[in-house]
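Please read the structure below before turning to the comments.
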Amino acid sequence: MATTGTEHMARTLNTLMNGEYQAAHLYFQAGAWASQANLSGSSGFFLGHASEEMMHMEKLLTYMLEIDVPAKFEALPEPEIKSNDIVGLIKQIYEHEKMVTQRFLSAAKEASDTGDLSTFEFLQWYVAEQREEESLFRDVLEKIDLIGDGPHSLYFIDTEIAKISAKSAAAASSGGASGAASGAA
Ligand code: OFO
């Protein structure tokens, strides 16, 4: 490890990298669950999001290699889908993203407190990304609320999520934190 201050961050960066890998795992499982439930729009959305989480993980790995911090991958816990309906699943994922936001904010604070300004600057991308992800999932939940409980609500919810997914793919291909997460996550 070459950079002063970064040594303090090595464990934290590994935690973040493994956390993004775990997030991808959760989204892959959510995509599989939605497909089984015949919710093809939601399935595409979650699978697309899983790929984004893999990109987030790789970005951390690349940074660690660049600054000579040893990267260590851990065993992945089994991803748990806690709800048997799409609304419950979106709520679970929203809570998950809020927890990830706290993890990045606390890592950014640690970087600042230890004088590791390079890592502090690097983490700003994730801070912006998490802000946008939280906003995205809040929007999805608000749409679900608007759709309400009618006889075809599941169909309309899935259609809305498919639209969001398409916007997400377009935004992600434009790159950057706001590209990856606005209208996507
Ligand atoms: Fe990596 O953005 Fe979600 O967790």
Tell me, with the steps shown, if Glu134 and Arg138 meet side-chain contact (heavy atoms from CB on, under 4.5 Å). CA-CA 6 Å; Glu134 283 195 26; Arg138 260 198 315 277; 4.0 Å; yes
Does a donor on one side chain and an acceptor on the other come within less than 3.5 Å for [X] and [Y]?
{"X": "Thr12", "Y": "Glu110", "value": "yes"}
{"X": "Tyr63", "Y": "Thr119", "value": "yes"}
{"X": "Gln29", "Y": "His25", "value": "no"}

May I ask you to decide if [Y]'s main-chain N or O and [X]'s side chain share a donor-acceptor pair within less than 3.5 Å?
{"X": "Tyr126", "Y": "His56", "result": "yes"}
{"X": "Ser135", "Y": "Arg131", "result": "no"}
{"X": "Gln130", "Y": "Arg103", "result": "no"}
{"X": "Asn14", "Y": "Pro70", "result": "yes"}
{"X": "Glu53", "Y": "His49", "result": "no"}
{"X": "Ser153", "Y": "Gly150", "result": "yes"}
{"X": "Ser43", "Y": "Leu39", "result": "no"}
{"X": "Thr159", "Y": "Tyr155", "result": "yes"}

Contact summary for [X] and [Y], nearest pair of heavy atoms:
{"X": "Asn18", "Y": "Lys72", "answer": "ND2-O, 2.9 Å"}
{"X": "Ile86", "Y": "Trp33", "answer": "N-CH2, 3.6 Å"}
{"X": "Val127", "Y": "Ala108", "answer": "CG2-CB, 4.5 Å"}
{"X": "Asp158", "Y": "Gly41", "answer": "OD2-N, 3.1 Å"}
{"X": "Met64", "Y": "Met17", "answer": "CE-SD, 3.3 Å"}
{"X": "Gly31", "Y": "Leu47", "answer": "CA-CD2, 3.9 Å"}

For residues Phe46 and Leu26: do they belong to one hydrophobic cluster (side chain heavy atoms under 4.5 Å, members Ile, Leu, Val, Met, Phe, Trp, Tyr)?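 As far as the 4.5 Å side-chain criterion goes, Leu26 and Phe46 are connected within one cluster.
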State plainly whether one hydrophobic cluster holds both Leu105 and Leu117, where clusters connect Ile, Leu, Val, Met, Phe, Trp and Tyr through side-chain heavy atoms under 4.5 angstrom apart.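 The answer is no; the residues belong to distinct hydrophobic clusters.
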Residue Tyr21 excluded, over 12 heavy atoms near OH under 6.0 Å: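 Not buried by this count: 12 neighbours or fewer within 6.0 Å.
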side-chain contact (heavy atoms from CB on, under 4.5 Å) evaluation trace for Gln124 with Phe120: CA-CA 7 Å; Gln124 297 314 299; Phe120 179 75; 3.5 Å; yes
What's the separation between atom [atom1] in [X] and atom [atom2] in [Y], rounded to the nearest 0.5 Å?
{"X": "Ser42", "Y": "Leu154", "atom1": "OG", "atom2": "CG", "answer": "8.0 Å"}
{"X": "Leu123", "Y": "Leu60", "atom1": "CG", "atom2": "CG", "answer": "7.5 Å"}
{"X": "Leu65", "Y": "Glu58", "atom1": "CG", "atom2": "CD", "answer": "11.0 Å"}
{"X": "Leu61", "Y": "Met54", "atom1": "CG", "atom2": "CE", "answer": "10.5 Å"}

Ring-face cation of Lys98 near Tyr94 (centre distance under 6.0 Å, axis angle within 45°):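 Flagged: Lys98 positioned over aromatic ring of Tyr94.
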Could you walk me through whether Trp125 and Lys59 satisfy the side-chain contact (heavy atoms from CB on, under 4.5 Å) test, starting with their C-alpha distance in whole Å, then the side-chain angles of each, then the deciding distance to 0.1 Å, before giving a yes or no? CA-CA 10 Å; Trp125 185 91; Lys59 198 174 168 76; 3.5 Å; yes
Partner of Met99 by side-chain contact (heavy atoms from CB on, under 4.5 Å), out of Glu95, Glu97, Gln102, His96: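 Running side-chain contact (heavy atoms from CB on, under 4.5 Å) over Glu95, Glu97, Gln102, His96 with Met99 returns exactly one hit, His96.
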side-chain contact (heavy atoms from CB on, under 4.5 Å) for Lys143 and Asp139? Distances and angles first, verdict last. CA-CA 6 Å; Lys143 285 242 160 61; Asp139 285 353; 5.6 Å; no
